[in-house]
Amino acid sequence: DVAPRATSRQRALRGQHRLASAWRGDRPRIAAQHAGAAEQLLPRIVDLQQGAARAHRRLIVAIGGESGAGKTEIAHCLGVALRRHRLRSALLPGDVFFRRPPRVNHEARREADRAGRLADYIGPPHEIDLDALDRVLGQAVDAQTPAIVCPSDCRAIPGLRYPRVPLDLSRCQIVLVDLTYAMLLGVPDLRIFLQSDHRQRCEHLLQRNRARDPDQDFSFVAKVLAIEHEQIQRTAVLAHMTVAHSTRDVDGHEIGRAS
């Protein structure tokens, strides 16, 4: 039998599962600085992986930082670079552990703002279930674990949400998890924090949002970004390595620039 051709409406409703697509919002754009930062981080990750392999463990690497700092892009570049060392990685987008899909979460933020508790709502534990993510990563550490299951929803179809979607780890020696609040995770062997210029980053995100949705309330977006900035910067002290304008990790080693 030949399957019927999808209608234009059905094609419009198609969307990538978040667990299979590392980005929560716009499609990432890989730039030279992302590849360069990944190359500088690569030796440390390969070295740690060798130690993890001797202990029969998977290496768990967390990449954190503010929205627009380059987390997803650098994670993608690391996955490509690791293949040169015959190492396979699985990318776990931490955004799948948001408790609500984006549109519903946006309305919850609005409601929290009207109640005067927006800063209390943003981030964990109300927006993001970090405990559940840590539990899943704890399972992934065991090199004998063939797959982990995570919640996931489907892009462009807000109501299509699943509590248990498998992520195959059977051929992977490393799990890369990217999330704004990743420094708060306890399981990762290596936590990498991406510093960025808050003012430039906000200007970029607001310009992007204007092009995508001119009717958006940009004053509210700016308020959310300001709260996120204050919260996430406080987590930087928990990083094992920091990719910043100073281009040095917390031990003073040169690692290259990323933005």
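Residue K223 holds its NZ atom at 9.5 Å from CD1 of I122, rounded to the nearest 0.5 Å. Taking CG of L185 as the start and CG of D134 as the end, the distance is 5.0 Å to the nearest 0.5 Å. Residue Q40 holds its CD atom at 12.0 Å from CD1 of I45, rounded to the nearest 0.5 Å. Here the OG1 atom belonging to T180 is positioned 14.0 Å from the NE2 atom belonging to H229, to the nearest 0.5 angstrom. Remark: Q144 CD to S170 OG distance equals 11.5 Å, nearest 0.5 Å. Rounded to the nearest 0.5 angstrom, R135 CZ and C150 SG are separated by 11.5 Å.
Of the residues listed (L133, V187, V61, I63), the one engaging V177 in a side-chain contact (heavy atoms from CB on, under 4.5 Å) is L133, and it is the only one. Of the candidates V243, V237, T235, F193 forms a side-chain contact (heavy atoms from CB on, under 4.5 Å) with just one, namely T235.
A salt bridge links E39 with R84: at least one charged nitrogen is closer than 4.0 Å to a carboxylate oxygen. A salt bridge does not link E107 with R103: none of the charged nitrogens is closer than 4.0 Å to a carboxylate oxygen. Taking the charged nitrogens against the carboxylate oxygens, K71 and E66 have no contact shorter than 4.0 Å, which rules out a salt bridge.
Contact check for L82 versus R88: no side-chain heavy atoms found under the 4.5 Å cut-off. Proximity of L41 to R44: side-chain heavy atoms (C-beta onward) are nowhere separated by under 4.5 Å. For the pair L130/L179, a side-chain contact is recorded, criterion being any heavy-atom separation below 4.5 Å from C-beta on. In this structure, P102 and N105 have side chains that are not in contact, with every pair of non-hydrogen atoms separated by 4.5 Å or more. In this structure the side chain of Y162 never reaches within 4.5 angstrom of the side chain of P151, judged on heavy atoms.
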Worksheet item: Under the salt bridge (charged side-chain N to carboxylate O under 4.0 Å, His left out) criterion, do E127 and R100 qualify, and how do the steps go?
Response: CA-CA 7 Å; E127 280 194 315; R100 301 169 181 84; over 6 Å; no

Discussion item. Is there a side-chain contact (heavy atoms from CB on, under 4.5 Å) between L176 and I60? Walk through the geometry before answering.
Written reply: CA-CA 6 Å; L176 304 171; I60 310 295; over 6 Å; no

Worksheet item: Passes side-chain contact (heavy atoms from CB on, under 4.5 Å), Y181 versus Q231? Steps please.
Response: CA-CA 9 Å; Y181 294 88; Q231 290 181 345; 2.5 Å; yes

Practice prompt. Please step through side-chain contact (heavy atoms from CB on, under 4.5 Å) for the pair L137 and L92, ending with a clear verdict.
Written response: CA-CA 9 Å; L137 292 175; L92 172 54; 3.8 Å; yes

Fill in: Intermediate values then yes/no, side-chain contact (heavy atoms from CB on, under 4.5 Å), Q50 and D47
CA-CA 5 Å; Q50 292 172 350; D47 183 61; 4.2 Å; yes

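Between the side chain of H34 and the backbone N or O of E73 there is no donor-acceptor pair closer than 3.5 Å. For the pair R99 (side chain) and P125 (backbone), a donor-acceptor distance under 3.5 Å is present. Of the possible donor and acceptor atoms, one in the side chain of R191 sits under 3.5 Å from a partner among the backbone N and O of L238. At distances below 3.5 Å, at least one donor-acceptor pair connects side-chain atoms of R58 with backbone N or O atoms of C172.
Nearest approach of G79 to S89, heavy atoms of both residues: CA-OG, 3.5 Å. Contact between R109 and V224 at its shortest, heavy atoms only, is NH1-CG1, 3.4 Å. Between V149 and V136, the shortest heavy-atom contact is O-CG2, 3.7 Å. Between L167 and A90, the closest heavy-atom pair is CD2-CB, 4.5 Å. Nearest heavy-atom pair across A108 and Y121 is CB-OH, 3.2 Å. Between H85 and L42, the closest heavy-atom pair is NE2-CD2, 3.6 Å.
Taken together through direct or relayed side-chain contacts under 4.5 Å among Ile, Leu, Val, Met, Phe, Trp and Tyr, V104 and V221 form parts of separate hydrophobic clusters.
Between F220 and H106, the distance separating the two ring centers is shorter than 6.0 angstrom.
Other residues, nucleotides and ligands contribute at most 12 non-hydrogen atoms within 6.0 Å of the CD atom of E111. The local environment of CD in E230 is sparse, with at most 12 non-hydrogen atoms from other residues, nucleotides or ligands closer than 6.0 Å.
Among residues two or more places apart in sequence or in another chain, the side chain to side chain contact (heavy atoms under 4.5 Å, CB included) test is passed with Q49 by A53, L59, L87, Q173, I174. For R57, the side chain to side chain contact (heavy atoms under 4.5 Å, CB included) partners two or more places apart in sequence, or in a different chain, are A52, A55, V141, D189.
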